[in-house]
Amino acid sequence: MQSFFFLLLFLLISCIGVSGFGSMGPISAAFGDNGFFCAIDASGKQGVICWTKNNTLPSSSSSSSSSSPSSTSSGYFSSIPAMTSLSGGEGFLCGILANSSQAFCWSSIYSGQDLIPSIYRNTAYWQIAAGKNHVCAVRGSYYSGHDSGTIDCWDIVKTTNNSLTSMQSSRFYDQSISNLVFSKVVSGEGYSCGRVREGGVVCWGPNSASLGVSSVSDNYNVLASGRVSLCGILEESNEIKCWGISNDSFSSHPVGTQFVSLTAGSNHFCGIREDNHGVECWGSFNLSSVPKGGSGFTAIASSDFTTCGIREDDLVIDCWFANGTSPPEYNPPLELFSPGLCGPGPCGEGEFVFNASFLNEPDLTSLCVRKDLKICFPCASNCSQGFFLSSPCTDNADRVCTACSLCQNSSCWDVCGMQSSAQKQWHHLLRLVIIIGSSALGFILILISCCILSRSIVTPKEEGSKKQFKSCIGKPELENDNASDSYQLTSMASCPGVAQVFRLSELRDATNGFKEFNKLGRGSYGFVYKAVLTDGRQVAVKRANAATIIHTNSRDFEMELEVLCNIRHRNIVNLLGYCSEMGERLLVYEYMPHGTLHDHLHSGLSPLNWSLRLKIAMQAAKGLEYLHKEAEPPIVHRNVKTSNILLDSDWGARIADFGLLTANEKDLGAGGDMKTDVYNFGIVLLEILSGRKAYDGDSTPPNIVDWAIPIIKQGKAAAIIDRYVALPRNFEPLLKLADIAELAVREDPNNRPTMSDLATWLEQIVNDGLTF
């Protein structure tokens, strides 16, 4: 009966939206209708920055921050003192003051009032944990190296006018608890739990009996408390163990996975994995919103339905949500935050001292208010999918992960799943050498025989009437063509010295018979294959599909080739040659070794940093500007998208797949609607900025324009910036990029800029540069 009562209570309060609680950290959340997040900044002053569902609140460390609040939120909070740590309850947050180790609590309507009972205001604490409407703290000076102490608890309750006040707690006074010495403490709804110095976990308070932890003797590195649930990370194995009344999905925690940090929301837990510092969540949670791959996390905290974490790559906040709303319930400022808690003493085994030098801020040598303090952070042992471990963890730095696209030798093949691929490439290359060698030898013998035979039997009359080759040895370039197109090469007098004429057999051998493993992708023209020519050049071969061949006769093919031959630009994938033989239509282009922009944004290849993304955007715009303005006749691409922006060996952007136009499309080429290309390029800019696909069926709304443009128009473009990429300190260029994208995708084509405008604006952004 008692179990049924607690289960019913859990379901009832879950519907109301009550949240979880937890221990202290560099980031924490107050939940409820007046909920807000706060985090310790990375300025070296241990200041506190807070944000609500709609606004960023004033920072205690800098009023000139790029994330300073607008006038609508100014004065919402008074300046909050510098803190060592934070912990949140319902509508309030608590912390330990950096200068005195005293406790300090404030609410969402704080105007200078400290929600600490007067009896405890002068007491030093080194641990603090807020529950729903109470706080417990462990006595001891924070910077003195204390690792245990006795417990004080107080209540924080609502008054008749809905403000908050504090008082000494009678509900949490327990004579047996007051005599114990604790090294850790967490608080939930109507209970608190702590790790006792002698070992084991003890809980107290009016709701503590429901947890069932009275006989727990194991030691735990981390404890996190939900409303009526408790989870801990075992000291010996770093695995999860949980207690309390909850539904099946809420309690189905990962088994066998090691963690270094935990947080709890109203119906979910999230943890930071030990191996790669990635995030894993369980319970009633929208798992699709949880960050996958990319950056790991250093600290996390949960409110009602939102969890936010500090990314280890750039110390920027990233948030994900239990209810799947988008944009997020809380939009954190683009600030750098402390990855952990500053403290005295050396780091332990398996930890490293966090080094601020990677932030490239010359004035910032430490993230702590005192130089003798340090942040000890647990080493990660592995990397996320798509990355390989290129350097192990040391005393002063975490392990280094490198993108698999940069894997160059067998040391990373197994991790990146490239070993079998490399072996296959070797076998194919060996086979190709044998095939080419045999074919070349046979061809030379036949050619010599034909030349000798023709010289001995051809009469002058026959010699004048038969079709001539300019050379017996070399490229077969026909002087006249009376034979069927199915068996002869197309004449290409309009492309002399520009496009090379290839034989079908030559390209068939170079692509291993157009085998699947040589296929690079598919475009509007047909399939694209990687090929290695006999001279060692790597090229891309476009093989026309049946529909293209049917709608493009020989004369059309020649006319379009003439146009393609004359297109030469550093931001265009240029034509190298062609083949029209045996009914085939093949185009040979430059090979782009770094793949497509789509692959790097959405398909698991190495993520691109912001400098490179902006450069690619500018170069792609210049390529399209060339097609619109300088090509003769002007060309409308009609299929501008990230998969048609290729990256060369120098990571330069090249426009591809503007293809051959059909007879009907040809008339539109000179005067077609170039503003359609501008609109589609605007979508490309939104993908570059957000890292989200143009259409994502798992998101609401699925169309990137419908999702991003309203946010940009509200002046909140920062909310759509891709948080899987380390942000620069000056992110104004990214906000300008958002404004440019908004102009490009305007509904009325007359209100859209030209491609020349876009190229000029983007070039200015690139020239201004980014400050990291």
Side-chain angles (χ1 to χ4, degrees), residues 23-28 37-51 56-68 77-88 93-106 110 112 114 116 121-130 137-147 149 298-299 301 310 312 314-317 332-333 335-348 351-377 396 729:
S23 56
M24 64 186 196
I27 179 174
S28 191
F37 272 87
C38 289
I40 298 173
D41 74 4
S43 67
K45 300 177 182 179
Q46 294 180 224
V48 177
I49 298 174
C50 299
W51 61 98
T56 300
L57 306 176
S59 167
S60 62
S61 60
S62 174
S63 59
S64 61
S65 167
S66 59
S67 296
S68 294
F77 273 12
S78 297
S79 181
I80 304 166
M83 297 281 179
T84 66
S85 56
L86 303 170
S87 184
L93 236 67
C94 292
I96 296 175
L97 295 175
N99 62 347
S100 65
S101 296
Q102 295 169 355
F104 186 87
C105 297
W106 68 98
Y110 167 69
D114 182 4
I116 303 291
R121 288 184 183 175
N122 295 323
T123 305
Y125 297 100
W126 77 278
Q127 282 261 329
I128 192 166
V138 181
R139 291 192 176 211
S141 177
Y142 186 87
Y143 294 132
S144 67
H146 279 285
D147 60 359
T298 66
I310 300 172
E312 64 180 352
D314 53 15
L315 306 189
V316 173
I317 296 287
E335 292 273 359
L336 303 188
F337 293 95
S338 177
L341 301 179
C342 296
C347 295
E351 295 181 328
F352 66 95
V353 178
F354 195 89
N355 191 339
S357 62
F358 90 98
L359 299 174
N360 294 322
E361 292 290 329
D363 298 330
L364 187 60
T365 58
S366 173
L367 303 187
C368 302
V369 70
R370 282 170 27 191
K371 292 185 177 180
D372 60 322
L373 303 176
K374 59 181 66 68
I375 298 174
C376 294
F377 195 70
N396 297 307
R729 289 290 279 171

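Note that the structure is a prediction, hence the values are computed from the model and not measured.
- Applying the side chain to side chain contact (heavy atoms under 4.5 Å, CB included) test to Ala299 and every residue at least two apart in sequence or in another chain returns Pro26, Ile27, Ile310.
- Heavy atoms only, all atoms of each residue included: Ile80 and Cys50 are closest at CD1-SG, 3.6 Å.
- A distance of 11.5 Å separates CG in Leu367 from CG in Leu373, rounded to the nearest 0.5 Å.
- At distances below 3.5 Å, not a single donor-acceptor pair connects side-chain atoms of Ser87 with backbone N or O atoms of Cys94.
- The closest side-chain heavy-atom distance from Asp41 to Val48 is not below 4.5 Å.
- From Ile40, atom CD1 reaches atom NZ of Lys45 across 15.0 Å, with rounding to the nearest 0.5 Å.
- Distance CG/Leu315 to CZ/Phe354: 4.5 Å, rounded to 0.5 Å.
- Scanning both residues, Gly95 and Trp106, for their nearest heavy atoms gives N-CZ3, 4.2 Å.
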#### Entry: Leu97 vs Met83, side chain to side chain contact (heavy atoms under 4.5 Å, CB included): CA-CA, chis, key distance, verdict
CA-CA 5 Å; Leu97 295 175; Met83 297 281 179; 3.9 Å; yes

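- A distance-only check finds no donor-acceptor pair linking the side chain of Tyr143 to the backbone of Cys342 [under 3.5 Å].
- Using a 4.5 Å heavy-atom cutoff, the side chains of Ile317 and Trp51 are in contact.
- Every residue meeting the ring pair (Phe, Tyr, Trp, His ring centres under 6.0 Å) condition with Phe352, not counting sequence neighbours, appears here in chain and number order: Phe377.
- Among all heavy-atom pairs drawn from Leu341 and Thr84, the shortest one is CD2-O, 3.1 Å.
- Nearest heavy atoms, Asn122 versus Gln102: CA-NE2, 3.8 Å.
- Between the side chain of Ser28 and the backbone N or O of Gly88, at least one donor-acceptor pair lies under 3.5 Å.
- Under the side chain to side chain contact (heavy atoms under 4.5 Å, CB included) criterion, Cys347 pairs with Glu351, Val353, Lys374, Cys376, sequence neighbours left out.
- Across all their heavy atoms, Ser338 and Gly340 have their closest contact at OG-O, 2.6 Å.
- Using modelled atom types, no side-chain atom of Gln127 and backbone atom of Val138 make a donor-acceptor pair closer than 3.5 Å.
- Remark: side-chain polar atoms of Gln46 are not paired, donor with acceptor, to backbone N or O of Cys368 under 3.5 angstrom.
- Distance check: Met24 CE to Tyr125 OH gives 13.5 Å after rounding to the nearest 0.5 Å.
- Between atom SG of residue Cys38 and atom CG of residue Leu86 there is a gap of 6.5 Å, rounded to the nearest 0.5 Å.
- Distance check: Ile96 CD1 to Phe104 CZ gives 13.5 Å after rounding to the nearest 0.5 Å.
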